[in-house]
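Take a look at the structure set out below.
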Amino acid sequence: MAEITAGMVKELRERTDAPMMDCKKALTEAEGDMTRAEEILRVRFGNKASKAAGRVAAEGTVGISISADGKTGTLIEVNSETDFCAKNEDFLKYVSELAQVVNANAPANIEAVAALPMRGATAEETRAQLVGKIGENITPRRFVRTEAKGKLISYVHGSKIGVVVDLVGGDEALGKDIAMHIAAAKPKSLDASGVDAALIETERRVAIEKAKEAGKPEAMLEKIADGTVQKFLKEVTLLSQVFVKDDKLTIEQLLKSKNASVASFSMYTVGEGIEKAVVDYAAEVAAAAKV
């Protein structure tokens, strides 16, 4: 049997907000598997146990560059150590220019960005110069470059959420509405075909376990799971979501009414999936005082 340490219990507690003893029991039942233990707690406590999945911890900003004809566009995330740096004019200018460089050169991946030409040097040399000037670590984290089937339209919310939509038909106003909806509703994919099969299987498994705990008959379990999965897919797929500006319309209905469609979309939330280190300044000062 896997050893369940205090650190593991603490981590699961921070991920789920579940009581400490329940975290220990879940880890024991899952034989130390953190993901499985989190799933067990979801069965017991509902979606509250998934709060860590969307936690945004890193600082930085998103940058977007779209060609004049709307046919190519790049969404990039660049991280910094503090929000102070993320609001610095030099940092913001760097991110904007880097998005343009990536859009113009179409690198294969984020590692290839470093060698791109930028300001008479390379993107990596430009980044290093900025780090020296600001005094913080600055890291291009990820990008997505889109070649449109229609026209690319973008939206940035507070520099922390960036969206690019490939809209076929319709007009600029419709594209902005769709992009703003995506920033607010955060769909995982365009339709059900784009949802990760592992996520669907997790929803099904959790639904079955919850139904069992509620004493539902064995014969009803699959039907209950099917209903839960369908509800989940409606909530996380763009076309099935209810439009944030009109709760009588789904996005699919809105697009149909405008004789338009969405070929694809991209969305980044700054720091998504990154845990920020928690600094105990009091402890640092105390330690320094002993030196």
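All values below come from the heavy atoms of this structure, side chains included, with hydrogens, waters and symmetry mates left out.
Within the 3.5 Å criterion, the main-chain N or O of T74 finds no donor-acceptor partner in the side chain of R145.
Applying the salt bridge (Lys or Arg N to Asp or Glu O under 4.0 Å) rule to K223 yields no partners; only residues at least two apart in sequence or on another chain are considered. For D69, the side-chain hydrogen bond (donor to acceptor under 3.5 Å, both in side chains) criterion is met by S67, not counting sequence neighbours. Among residues two or more places apart in sequence or in another chain, the side-chain hydrogen bond (donor to acceptor under 3.5 Å, both in side chains) test is passed with E201 by none.
Residue pairs satisfying the salt bridge (charged side-chain N to carboxylate O under 4.0 Å, His left out) criterion with at least one member in residues 114-124, sequence neighbours excluded, are listed as follows: E97-R119, E124-R127.
Chaining together hydrophobic side chains whose heavy atoms lie under 4.5 Å apart leaves V168 on its own.
P117 approaches V101 most closely through the heavy-atom pair O-CG1, 3.6 Å. Of all non-hydrogen atoms in K216 and I224, the two that sit nearest each other are CG-CD1, 3.8 Å. Minimum heavy-atom separation, F265 to L238: CD2-CD2, 3.9 Å. Of all heavy-atom pairs spanning D171 and I153, the tightest one is O-CD1, 4.0 Å.
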Distance-only check: which donor-acceptor pairs under 3.5 Å involve side-chain atoms of residues 178-189, not counting sequence neighbours?
{"residue": "H181", "atom": "ND1", "partner": "V244", "partner atom": "N", "Å": "3.2"}
{"residue": "H181", "atom": "NE2", "partner": "Q241", "partner atom": "OE1", "Å": "2.8"}
{"residue": "K186", "atom": "NZ", "partner": "A183", "partner atom": "O", "Å": "2.9"}
{"residue": "S189", "atom": "OG", "partner": "D191", "partner atom": "O", "Å": "2.7"}

Note to self: For R204 and D226: C-alpha separation, side-chain torsions, deciding distance, then whether salt bridge (charged side-chain N to carboxylate O under 4.0 Å, His left out) applies.
What the structure shows: CA-CA 7 Å; R204 176 177 293 278; D226 287 343; 2.8 Å; yes
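For K71, the NZ atom is densely surrounded, since the number of other residues' heavy atoms within 6.0 Å is greater than 12.
Taking a cutoff of 4.0 Å between a charged side-chain nitrogen and a carboxylate oxygen, E235 and K231 qualify as a salt bridge.
A distance of 6.0 Å separates NZ in K160 from OG1 in T61, rounded to the nearest 0.5 Å.
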